[in-house]
Chemist: 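Input: one structure, supplied below.
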Number of protein chains: 2
Amino acid sequence: MTKNGKPTKRQIILEEAAKLFKDKGYGGTSMRDIAGQVGMEAASMYNHIKSKDEILDNICFRISDVYISHLQEIEQQPLSFGEKIRALIRMHIQLMVEDGPAVSVANHDWKYLPAARLNDFTEARRRYEKGFAALIAAGIAAGEFQPVNSTVALFTILSSVRWIELWFKPGRSLSAEELEEHIITMLLNGLEKK
Amino acid sequence: MTKNGKPTKRQIILEEAAKLFKDKGYGGTSMRDIAGQVGMEAASMYNHIKSKDEILDNICFRISDVYISHLQEIEQQPLSFGEKIRALIRMHIQLMVEDGPAVSVANHDWKYLPAARLNDFTEARRRYEKGFAALIAAGIAAGEFQPVNSTVALFTILSSVRWIELWFKPGRSLSAEELEEHIITMLLNGLEKK
DNA sequence: GTCTATAGGCGGATAGAC
DNA sequence: GTCTATCCGCCTATAGAC
């Protein structure tokens with residue numbers, strides 16, 4: 001947002017592009033498609049963005065930066081490991097609900113980043129996953145968690161929150177807060193009675 | 001396979017196409033790319049397949065047919081609900097390990113099916129999800145499972161097995177059987193100690 | 001800063017020789 | 001059944017008028 005609260009043309013382009021990339025994929029979306037949503041000709045967009053690649057780059061790294069900074073905050077808070085995992089799950093769900101199209105693009109279309117930036121992105125993701133897995137392993141070592149395989153636990157959690165985009169429609173039967181609680185119950189307590 | 005055990009050219013094309021669609025997406029893969037992997041010119045492939053659309057159609061519906069027929073088998077077996085859910089999770093993981101590229105394509109690129117077939121596919125998936133969710137709801141009613149939201153439980157399970165494609169390399173630290181057991185433990189027992 | 005026009009390349013698919 | 005040659009459309013991006 002600018003000072004007067006009005007989004008810039010650039011921000012509008014990035015937002016509409018994220019929606020289209022989510023629905024039709026990066027390769028399936030043309031600059032003409034984006035221009036149509038924004039309300040200008042494709043050529044005019046080049047006054048606000050450098051290239052189609054740059055749009056994708058901006059979306060992907062904006063999201064990965066949010067993930068990483070939130071992880072660093074949570075790591076430093078004085079919480080039990082169970083509470084830290086819960087906080088991370090809530091962060092994923094909130095980001096998905098608030099910024100869904102961009103999160104979807106960062107999850108699916110990152111592979112179309114130009115080679116040079118692709119390395120940066122996968123490296124950032126690897127660091128995030130490593131930090132998350134370390135929290136799980138520490139929770140196991142502390143006796144809070146069952147002795148599961150921490151890699152399997154990590155990806156089970158990450159996968160579960162990833163697919164919210166595919167079926168969650170906010171304001172239907174479930175609110176975002178109820179969704180958080182249900183997913184956390186399922187992942188931390190399990191399906192079966194003991 | 002044909003009678004003499006040799007795959008037909010058509011089967012080779014479908015298989016190579018699935019690998020490329022998985023790696024580069026449907027829109028990111030050209031007929032020339034597929035032809036390059038198969039070892040012929042793009043034009044020659046049209047003696048074996050009708051169009052690029054038809055390749056995608058074949059991959060997607062082959063996979064959805066397998067899911068649906070396995071669900072029907074499991075529904076009829078005399079097992080506890082816990083065992084039925086375990087059997088479904090194992091089926092998903094085995095299919096992912098044995099036929100990974102095709103499963104990935106059916107999971108991600110189904111949306112590029114031509115409109116007429118897209119309805120058939122989403123309808124098939126909806127039926128599968130409904131049958132799976134009914135087993136979870138029945139397990140809750142029978143007192144086997146905790147009173148979770150069955151839709152959330154369904155998608156948590158489906159999501160967890162979906163992302164195996166992204167990180168599981170068979171024959172590294174984990175075998176497919178170990179992976180099955182770890183995922184089932186995580187989903188049915190939960191992460192946290194009680 | 002927006003437009004029209006267009007360059008230059010790659011896409012799926014077909015025609016027709018062999 | 002495989003090839004070469006090619007059609008024609010859509011793609012990203014740029015040039016230049018206004």
Side-chain angles (χ1 to χ4, degrees), chain A residues 2-4 6-60 105 109-118, chain B residues 1-4 6-60 105 108-118:
Chain A
T2 52
K3 274 181 291 185
N4 60 26
K6 224 175 56 182
T8 62
K9 285 267 169 67
R10 178 170 224 273
Q11 288 167 332
I12 294 171
I13 291 170
L14 292 171
E15 197 175 323
E16 294 302 323
K19 289 185 208 165
L20 287 167
F21 291 170
K22 179 194 167 173
D23 289 340
K24 318 206 295 170
Y26 180 72
T29 302
S30 71
M31 294 300 278
R32 290 171 176 85
D33 292 334
I34 302 169
Q37 286 297 311
V38 172
M40 55 168 63
E41 293 301 313
S44 306
M45 290 198 298
Y46 288 86
N47 283 306
H48 305 282
I49 53 100
K50 238 184 61 199
S51 68
K52 193 185 175 189
D53 283 348
E54 196 221 358
I55 297 177
L56 180 64
D57 190 283
N58 193 282
I59 294 169
C60 289
V105 172
D109 292 331
W110 57 268
K111 60 181 156 184
Y112 306 114
L113 286 168
R117 294 290 282 165
L118 205 155
Chain B
M1 289 287 187
T2 52
K3 272 182 295 187
N4 60 26
K6 222 175 54 181
T8 63
K9 285 268 167 68
R10 177 169 225 272
Q11 288 168 332
I12 295 170
I13 291 169
L14 293 171
E15 197 175 322
E16 295 301 324
K19 289 186 209 166
L20 287 167
F21 291 169
K22 179 193 168 174
D23 288 340
K24 319 206 297 171
Y26 180 71
T29 302
S30 70
M31 295 298 280
R32 289 167 177 84
D33 290 335
I34 301 169
Q37 286 298 311
V38 172
M40 53 170 63
E41 293 302 312
S44 307
M45 290 198 298
Y46 287 85
N47 284 306
H48 306 282
I49 52 101
K50 236 185 62 198
S51 66
K52 194 186 174 189
D53 283 347
E54 195 220 0
I55 296 176
L56 180 64
D57 189 283
N58 193 282
I59 294 169
C60 290
V105 172
H108 293 115
D109 292 331
W110 57 268
K111 60 181 157 186
Y112 305 114
L113 286 168
R117 294 289 282 165
L118 205 154

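Lettering follows sequence order; numbering is per chain, from 1.
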Chemist: Between D:dA13, D:dC3, C:dC3, spot the one nearest the side chain of B:A43, thanks.
Modeler: D:dC3
Chemist: Quick one: list whatever passes side-chain hydrogen bond (donor to acceptor under 3.5 Å, both in side chains) with B:K52, sequence neighbours left out.
Modeler: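 Once residues adjacent in sequence are excluded, B:K52 has no partner under the side-chain hydrogen bond (donor to acceptor under 3.5 Å, both in side chains) criterion.
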Chemist: For DNA chain D, what residues of residues 48-55 of chain A have any heavy atom nearer than 4.0 Å?
Modeler: A:S51, A:K52
Chemist: Of the options B:L56, B:V105, B:L118, which is the one that meets B:Y112 in a side-chain contact (heavy atoms from CB on, under 4.5 Å)?
Modeler: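 Going through B:L56, B:V105, B:L118 one by one, the side-chain contact (heavy atoms from CB on, under 4.5 Å) with B:Y112 is satisfied by B:L56 alone.
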Chemist: Out of curiosity, B:K111 NZ to B:L113 CG, how far, rounded to the nearest 0.5 Å?
Modeler: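 With rounding to 0.5 Å, NZ (B:K111) is 12.0 Å from CG (B:L113).
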Chemist: Would you check if the side chain of B:D57 reaches a backbone N or O of B:E54 as a donor-acceptor pair within less than 3.5 Å?
Modeler: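 Not a single qualifying donor-acceptor pair exists.
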Chemist: At what distance, to the nearest 0.5 angstrom, does OG1 of A:T29 lie from NZ of A:K24?
Modeler: 5.5 Å
Chemist: Mind calculating the distance between OH (A:Y46) and P (D:dA15) to the nearest angstrom?
Modeler: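 That distance rounds to 13 Å.
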Chemist: Atom CE of B:M45 to atom P of C:dG11: distance rounded to whole Å?
Modeler: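 So the two atoms are 12 Å apart, to the nearest Å.
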Chemist: Is the side chain of A:R10 donor-acceptor paired with the backbone N or O of A:H48 at a distance under 3.5 Å, no angle test?
Modeler: yes
Chemist: Looking at residues 23-36 of chain A, who's got a heavy atom less than 4.0 Å off DNA chain D?
Modeler: A:T29, A:S30, A:M31, A:R32
Chemist: Short question: side chain of B:Q11, backbone of B:T8 - any donor-acceptor pair under 3.5 Å?
Modeler: yes
Chemist: Any side-chain N or O of A:S44 under 4.0 Å from OP1/OP2 of C:dG1?
Modeler: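 For C:dG1, neither OP1 nor OP2 has a side-chain N or O of A:S44 closer than 4.0 Å.
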Chemist: Tell me: CD of A:E41 to C1' of D:dC18, nearest whole Å?
Modeler: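 After rounding, the gap between these two atoms is 15 Å.
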Chemist: To the closest 0.5 Å, what do you measure between CE (A:M45) and CD (A:E16)?
Modeler: 11.0 Å
